[in-house]
2 protein chains.
Amino acid sequence: MENKTARFEKLLVKNGLKRTAQRLQVLEILSGRDSATSQPYLEQVMGKNADRVTLYRVLQAFEEKGIIHKVLDQQGTANYAICSDGCSAHEHHDEHVHFNCDNCHKIYCLDTVKIPALKVPAGFKVEHLNLIATGLCASCSDKIN
Amino acid sequence: MENKTARFEKLLVKNGLKRTAQRLQVLEILSGRDSATSQPYLEQVMGKNADRVTLYRVLQAFEEKGIIHKVLDQQGTANYAICSDGCSAHEHHDEHVHFNCDNCHKIYCLDTVKIPALKVPAGFKVEHLNLIATGLCASCSDKIN
DNA sequence: GCTATATTTGCAACATAATTGCATTAACAT
DNA sequence: ATGTTAATGCAATTATGTTGCAAATATAGC
């Protein structure tokens, strides 16, 4: 693979954000995981590399630019995942299903699963759909049974 | 309609909960609204009739017994609605769609809308589905256009 | 490379939300 | 009426999120 850091730097520049150590580290962490990452976990891993406030602001900036998207888990905790291509400041395309494992509490973005269209009562105008499935992920399902 | 308070009292007893003023008032409030009720709103309406801590505990007890169900809105704020029949401590049947209005921020339980079955990757075991639609509710849709 | 400028960060203070322990109060079975 | 257990309120604590501002840092222009 091409130099990952270089790719992240381009991503930042493209979005008018400066290339700072904290931002790069957040991208590094998020990209290295197979599931969405909770804010508390990020906070912990960043440790003294970034102030708590900075993390909030980095995440907020990334979300606004469409670099990452936020998913709330069943406890209301914010989790973040890098957006697949096609997201921008103008428009998020994160209408895929999120899977929240009851056991390991990981949140998986099931990019391949599309949310089926929905019939709503007359008058209601649906803008966005947000579907979270809970249960056991493949890995925990294996371990437990 | 039969005496509402009497019905609530039965509901409490049936679930092994004592008939307290605070619990009855919470049921009263929730039942009198056409959409899910946010915790902050409940807190405000209860006023000095209940301590904030008591409210947390009442809601938690109700949720555990299957009397109400919790829906998180897009901001992660807890909202509560009385469960339709068929919910119990063992099993919630709140797998209908929730609609979060972007304008009035109400959360409607669209009991009539069923969540379509879902194809997930091999190994994943879905236990519950949680679908939140955002957009404009019928009432706001009218007013705005 | 050096400097000017605008952005970003960290700190401190503050605001809000949630949790815990414990003494007091209230419900209700007998 | 009374004893027992559950529920409440209060105080203290912890967690979570926000704001203003001074210091530090990235980078564009020289």
Side-chain angles (χ1 to χ4, degrees), chain A residues 5-29 36-65 67-68 70-80 89 105, chain B residues 5-29 36-65 67-68 70-80 89 105:
Chain A
T5 307
R7 235 177 46 232
F8 293 151
E9 292 180 353
K10 263 184 220 161
L11 188 58
L12 291 177
V13 171
K14 191 179 77 180
N15 285 286
L17 300 172
K18 290 190 171 165
R19 188 207 68 106
T20 70
Q22 294 87 340
R23 285 171 178 167
L24 287 174
Q25 195 184 348
V26 168
L27 290 175
E28 194 67 46
I29 295 171
T37 304
S38 76
Q39 172 134 358
Y41 176 84
L42 273 171
E43 221 170 275
Q44 187 195 315
V45 174
M46 298 288 291
K48 58 178 289 304
N49 293 351
D51 191 82
R52 216 159 54 85
V53 178
T54 300
L55 183 55
Y56 276 108
R57 292 193 273 224
V58 166
L59 292 171
Q60 188 184 314
F62 282 2
E63 202 192 356
E64 276 165 11
K65 299 297 187 180
I67 297 173
I68 62 178
K70 167 156 59 172
V71 198
L72 297 179
D73 65 20
Q74 296 309 82
Q75 284 71 244
T77 306
N79 289 65
Y80 295 91
H105 300 109
Chain B
T5 306
R7 236 178 45 232
F8 292 151
E9 291 179 353
K10 264 185 221 161
L11 188 58
L12 291 177
V13 171
K14 193 179 76 181
N15 285 284
L17 299 171
K18 291 188 172 166
R19 189 207 66 105
T20 69
Q22 294 87 340
R23 285 171 178 166
L24 287 173
Q25 195 184 350
V26 168
L27 290 175
E28 195 65 47
I29 296 171
T37 305
S38 75
Q39 171 133 0
Y41 176 84
L42 273 171
E43 211 170 303
Q44 187 195 315
V45 174
M46 298 289 291
K48 59 178 287 303
N49 294 351
D51 190 82
R52 219 158 54 85
V53 178
T54 300
L55 183 56
Y56 277 109
R57 292 193 274 225
V58 166
L59 293 171
Q60 187 184 314
F62 284 1
E63 201 191 355
E64 276 165 10
K65 300 295 187 182
I67 296 172
I68 61 177
K70 166 156 62 171
V71 198
L72 298 178
D73 66 18
Q74 297 309 83
Q75 282 74 245
T77 305
N79 289 65
Y80 295 92
H105 300 111

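Every heavy atom of this structure was used, including side-chain atoms; hydrogens, water molecules and symmetry mates were not. Bear in mind the structure is a predicted one, so any value in this text is a computation, not a measurement. Residue numbers start from 1 in every chain, and the chains themselves are labelled A, B, ... in the order their sequence lines are given, proteins ahead of strands.
Over its full length, the helix from C/dG1-D/dC30 to C/dT30-D/dA1 turns its helical axis through 30°, comparing axes from the five pairs at each end and rounding to 10°.
Put simply, CD on A/Gln60 is 13 Å from C1' on C/dT8, counting in whole angstrom units. For B/Arg23 and D/dA6, the CZ to P distance is 11 Å, given to the nearest whole Å. Across the protein-nucleic acid pair, A/Arg52 atom CZ and C/dG10 atom C1' stand 12 Å apart, rounded to whole Å. At whole-Å resolution of the value, CD in A/Gln39 and C1' in D/dG17 are 9 Å apart. Rounded to whole Å, atom P of C/dT9 lies 16 Å from atom NZ of A/Lys48. Remark: C1' of C/dT9 and CG of A/Leu55 are 12 Å apart, rounded to the nearest angstrom. Following rounding to the nearest Å, B/Leu24 (CG) and D/dT8 (C1') show an atom-to-atom distance of 14 Å. Atom C1' of nucleotide C/dT8 and atom CG of A/Leu59 are separated by 15 Å, given to the nearest angstrom.
Atoms NZ and CD, from B/Lys70 and B/Gln39 in turn, are 8.0 Å apart once rounded to the nearest 0.5 Å. In this structure, CD on B/Gln44 lies 12.0 Å from CG on B/Leu55, to the nearest 0.5 angstrom. With rounding to the nearest 0.5 angstrom, the CG atom of B/Leu17 is 11.0 Å from the NZ atom of B/Lys14. Atom CG in A/Asp73 sits 8.5 Å away from atom CG in B/Leu72 (nearest 0.5 Å).
B/Arg57 contributes a side-chain N or O that forms a donor-acceptor pair with the base of D/dG9 under 3.5 Å. Contact annotation: side chain of B/Lys18 to base of D/dT5, donor-acceptor pair present below 3.5 Å.
Contacts of A/Ala50 with the nucleic acid, taken as non-hydrogen atoms under 4.0 Å apart, involve only primed sugar atoms and P, OP1 or OP2.
Closest non-hydrogen pair, A/Ile29 versus A/Val45, comes out as CD1-CG1, 3.6 Å.
Contact between the side-chain N/O atoms of A/Thr20 and the OP1/OP2 oxygens of C/dT7 is not found at any separation under 4.0 Å. Contact between the side-chain N/O atoms of B/Thr54 and the OP1/OP2 oxygens of D/dG9 is found at a separation under 4.0 Å.
A/Arg23 places no side-chain N or O within donor-acceptor distance of the main-chain N or O of A/Val58, the cut-off being under 3.5 Å. A donor-acceptor pair is defined here as one N or O able to donate and one able to accept, closer than 3.5 Å; no such pair exists between the side chain of B/Arg19 and the backbone of B/Val13.
Residue A/Leu17 is the one, among A/Val53 and A/Leu17, whose nearest nucleotide of DNA chain C lies closer to the 5' end (criterion: closest heavy atom).
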